[in-house]
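Notes follow once the structure below has been shown.
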Amino acid sequence: MPFERVYYNVEDLEKQFNETDNPWRRQSRLLLMQIQGVDDDRLKVLELEGHIRSRDPAQLGRCITSINVAKSSPEVQQCLQAAYDLILDPANHALSATFVKNIPSGVLFRIFDQLRPWKQNLSQAVRLFHLVAKHNPEGFNPIARDFVAFLKHSLVATKNDLEGRLAFSMIFFHIFDACVKQGLNFVQQEIFRCMINCSVLSELRPEVFTKEVLSCNASLPPLPFLPSEKLSYGVKVLYMKQTTPQQRQGLMNIDDVTEETVPQAIQTVLQVKPNDKDAIIAGLLHGLCIWKRAIGDKVVLVYPAKVYDFSPAAFDGSWRGVSKFPIKVDVECITKAVVPGFTNHTGLIASLKTTVFLLMKHNKLITAPSFFDDYLGLDFVQLWSYFLTALLLFEEYTLAGTLLSMQVDVAMSNLLFLQVELGQGRLKEALSIANALLSTLDTQWHSAAFHPGIVLDHRFISVEKGGVIQYIALIQAHICFLLGSQAANLAPELRDFVLGDALVMSQLLYLYGMGGTISTYVSQIIEKNKSFTFPRLMDYICCGQVFRPLTAIQGVTWNVCNKTTDNIVEPLLEALSSIKSPDDMKALLRVKKFIHEHNSVFIDLKSAT
């Protein structure tokens with residue numbers, strides 16, 4: 001009996017195919033449709049649609065792998081797009097994980113790139129790399145070359161976009177474990193630079209790390225940590241890149257690099273490559289992060305003379321405690337300034353020592369204009385304030401003075417310059433700097449909030465950032481000069497000018513709980529001298545409380561208003577009653593006027609001491 005061909009209704013076959021979830025029945029219907037002459041493109045469309053609808057990872061993976069995208073029809077490509085929509089949808093994360101295990105990663109990325117060129121679809125490329133790294137880590141090596149191309153492109157694309165760079169850099173934290181397990185055979189220096197950059201900025205500028213940045217702008221699942229908690233990740237990659245297995249023998253294993261051993265890993269890299277730029281930067285930025293964590297936004301100032309309201313004896317004693325210059329300090333005292341809850345005192349001291357060592361050894365390299373160019377978003381005012389403060393704490397005044405030009409903030413640079421001079425006991429030079437700065441200060445500084453400082457070992461003080469730190473530092477230059485000049489054999493006129501100068505300057509500090517001790521101290525000296533001559537002193541008075549201690553002393557001949565008297569109360573009241581305008585009550589304006597009108601006397605004074 002001859003074979004008789006059986007004809008099937010194609011529409012019925014399609015309907016049967018779409019109604020069943022049985023893979024064997026599906027395959028049989030596809031085979032029957034093929035026998036009936038249905039073209040391959042239509043069969044592929046049906047097959048893809050069926051697997052997408054049933055969400056069968058194994059069958060969908062097999063189907064996608066068999067397709068030649070370049071030769072497929074628009075309909076097939078449209079179905080492939082739908083398949084990738086399913087795989088890359090953040091809502092389908094668990095399902096996506098199963099898909100990438102069933103599709104060779106090279107094929108998966110090649111078809112993705114053909115359908116959606118990754119340069120125009122960066123966030124989806126991020127998701128694809130993340131899925132492979134997390135759920136098919138063995139499959140990451142075949143696409144490592146593509147990942148490096150993606151890396152280099154993204155670096156260029158985000159060159160001037162801080163948030164974009166950070167969002168891109170976060171991918172390395174998301175896929176870090178998979179990369180390390182596979183030996184990071186695609187290690188590039190850009191990877192550890194991006195990771196270290198992320199970790200440091202996460203500590204210094206946490207507000208930049210929005211939910212979108214942390215998820216790489218690709219809706220990746222949240223990490224169980226912040227980048228600031230994993231500086232060791234970037235340092236581990238740095239360690240792997242800059243040392244060979246032979247060099248690591250007897251030193252540190254890669255797995256030994258943890259948050260606690262970051263300094264050791266950096267030190268080991270510098271043993272192997274003494275001038276390695278990235279290791280130096282990692283060491284410096286690690287120190288800055290610990291400093292920020294420990295000290296916050298406070299400023300540490302050299303403090304050879306107290307300007308707070310302590311007793312006159314303690315005030316004078318603080319100066320006598322500084323018996324020699326340059327000022328030396330037990331750096332352990334910095335632990336008194338740490339914020340509540342900070343306990344890593346040993347790490348703080350060690351990081352300060354490392355910072356100073358690196359600055360001393362590599363200052364020419366560090367001060368090169370492009371040294372930090374590969375690390376975006378750094379606050380160089382904050383950075384150099386930390387560097388210079390570390391040098392002051394370790395009595396490296398000469399190098400601090402040399403590096404002052406790196407502090408781009410003029411006010412902070414001048415403030416630190418003043419500290420360098422005070423620390424070395426160069427009181428005349430400090431006085432000149434203070435006068436120059438006081439002459440140019442704006443009155444708005446005087447409205448800044450005041451927070452009491454913390455005295456560290458009678459030689460340094462920790463003060464919250466704010467305008468008032470200017471006054472504390474600038475006025476203490478005058479007070480230091482007053483104290484230092486007590487041993488000088490000055491002519492009576494100059495001796496009294498120094499005392500009057502201290503009284504005028506102390507008006508600036510009185511509103512902040514300081515100044516009273518200064519005037520008490522000055523009154524005791526005047527009482528001992530039995531006379532005080534400063535004919536125009538009353539022209540600079542605006543704060544009567546500062547001068548109250550003077551009214552209590554007896555037996556002094558006063559010449560403060562071009563006439564001699566044995567009682568200062570009358571000229572003082574007359575001066576205060578003559579104040580008519582609000583500007584006359586502003587201590588800073590009175591101080592500026594005083595400095596301007598007595599510039600020549602300051603010059604004579606510095607020549608005489």
Side-chain angles (χ1 to χ4, degrees), residues 307-309 410-412 414-415 418 431-451 463-479 481-482 496-520 522-523 532-551 558-563 565 568-603 605:
V307 289
Y308 287 101
D309 275 338
V410 176
M412 188 59 72
N414 287 329
L415 185 62
L418 186 62
L431 190 64
S432 296
I433 296 170
N435 280 350
L437 295 177
L438 282 167
S439 297
T440 57
L441 272 183
D442 192 283
T443 52
Q444 67 179 359
W445 285 96
H446 214 73
S447 62
F450 174 73
H451 304 280
V463 189
E464 295 287 344
K465 267 189 180 177
V468 182
I469 64 171
Q470 294 275 6
Y471 293 130
I472 294 174
L474 298 179
I475 301 310
Q476 78 162 334
H478 286 260
I479 306 309
F481 195 84
L482 161 67
D496 290 347
F497 176 80
V498 173
L499 297 171
D501 170 64
L503 291 170
V504 173
M505 296 297 158
S506 64
Q507 294 180 116
L508 269 175
L509 299 177
Y510 195 84
L511 292 176
Y512 303 103
M514 297 173 282
T517 297
I518 298 171
S519 56
T520 301
V522 169
S523 69
F532 179 78
T533 300
F534 201 134
R536 292 188 57 205
L537 179 65
M538 295 298 114
D539 291 350
Y540 311 103
I541 287 179
C542 64
C543 182
Q545 296 95 321
V546 169
F547 295 86
R548 184 175 296 165
L550 303 182
T551 64
W558 304 91
N559 185 350
V560 292
C561 52
N562 289 318
K563 65 179 181 180
T565 178
I568 197 175
V569 175
E570 184 179 339
L572 185 60
L573 291 174
E574 185 177 339
L576 291 172
S577 64
S578 67
I579 295 174
K580 293 182 172 57
S581 70
D583 282 349
D584 290 339
M585 293 294 295
K586 292 179 179 177
L588 181 57
L589 295 181
R590 292 298 179 108
V591 164
K592 285 184 175 184
K593 179 182 178 184
F594 177 82
I595 293 172
H596 176 71
E597 294 181 354
H598 292 85
N599 186 54
S600 61
V601 184
F602 279 110
I603 294 173
L605 184 61

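What you see is a predicted model, and the numbers here were worked out from it, not measured in a lab.
Taking both residues in full, the closest heavy atoms of Tyr540 and Gln507 are given as O-NE2, 2.9 Å, listed atom of the first, atom of the second, then distance. A pairwise comparison of heavy atoms in Leu431 and Ala477 identifies CD1-O, 4.2 Å as the closest pair. Taking all atoms of both residues into account, the shortest heavy-atom contact from Trp558 to Leu550 is CZ2-O, 3.9 Å. Shown here for Ile595 and Ser439, the closest heavy-atom pair between the two residues is CG2-OG, 3.5 Å. The shortest non-hydrogen separation linking Val504 to Val591 is O-CG2, 3.9 Å. The minimum heavy-atom distance linking Leu418 with Ala434 is given by the pair CD1-N, 4.3 Å.
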message: Using side-chain contact (heavy atoms from CB on, under 4.5 Å), reason through Leu572 and Ile541 one step at a time and then give a plain yes or no.
response: CA-CA 8 Å; Leu572 185 60; Ile541 287 179; 3.4 Å; yes
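Summarising the geometry, atom CG belonging to Leu589 is positioned 8.5 Å from atom CG belonging to Asp584; distances are rounded to the nearest 0.5 Å. Within the model, atoms CG of Leu508 and CG of Leu588 stand 5.5 Å from one another, a figure rounded to the nearest 0.5 Å. Interatomic distance, Ser519 OG to Arg548 CZ, rounded to the nearest 0.5 Å: 9.5 Å. Rounding to the nearest 0.5 Å places CG of Leu499 at 12.5 Å from CD1 of Ile518. Annotation: the span from Leu576 atom CG to Phe547 atom CZ amounts to 8.5 Å, rounded to 0.5 Å. Note that CG of Leu573 and CE of Met538 are 10.0 Å apart. Values are rounded to the nearest 0.5 Å.
Not a single side chain to side chain donor-acceptor pair (under 3.5 Å) links Asn559 to another residue, sequence neighbours left out. Taking Glu597 as the reference, Arg536 meet the salt bridge (charged side-chain N to carboxylate O under 4.0 Å, His left out) condition, with sequence neighbours excluded. Taking the side chain to side chain donor-acceptor pair (under 3.5 Å) definition, one finds that Ser432 meets it with Lys606, sequence neighbours left out.
Below 30°, between 30° and 60°, or above 60°: for Phe534 and Phe594 the angle between ring planes is between 30° and 60°, a tilted geometry.
With Asp501 contributing its side chain and Phe497 its backbone, the two residues share no donor-acceptor pair below 3.5 Å. A donor-acceptor pair under 3.5 Å is formed between the side chain of Arg590 and the backbone N or O of Asp539.
Residue Glu570 qualifies as open at atom CD: its count of foreign heavy atoms under 6.0 Å is 12 or below.
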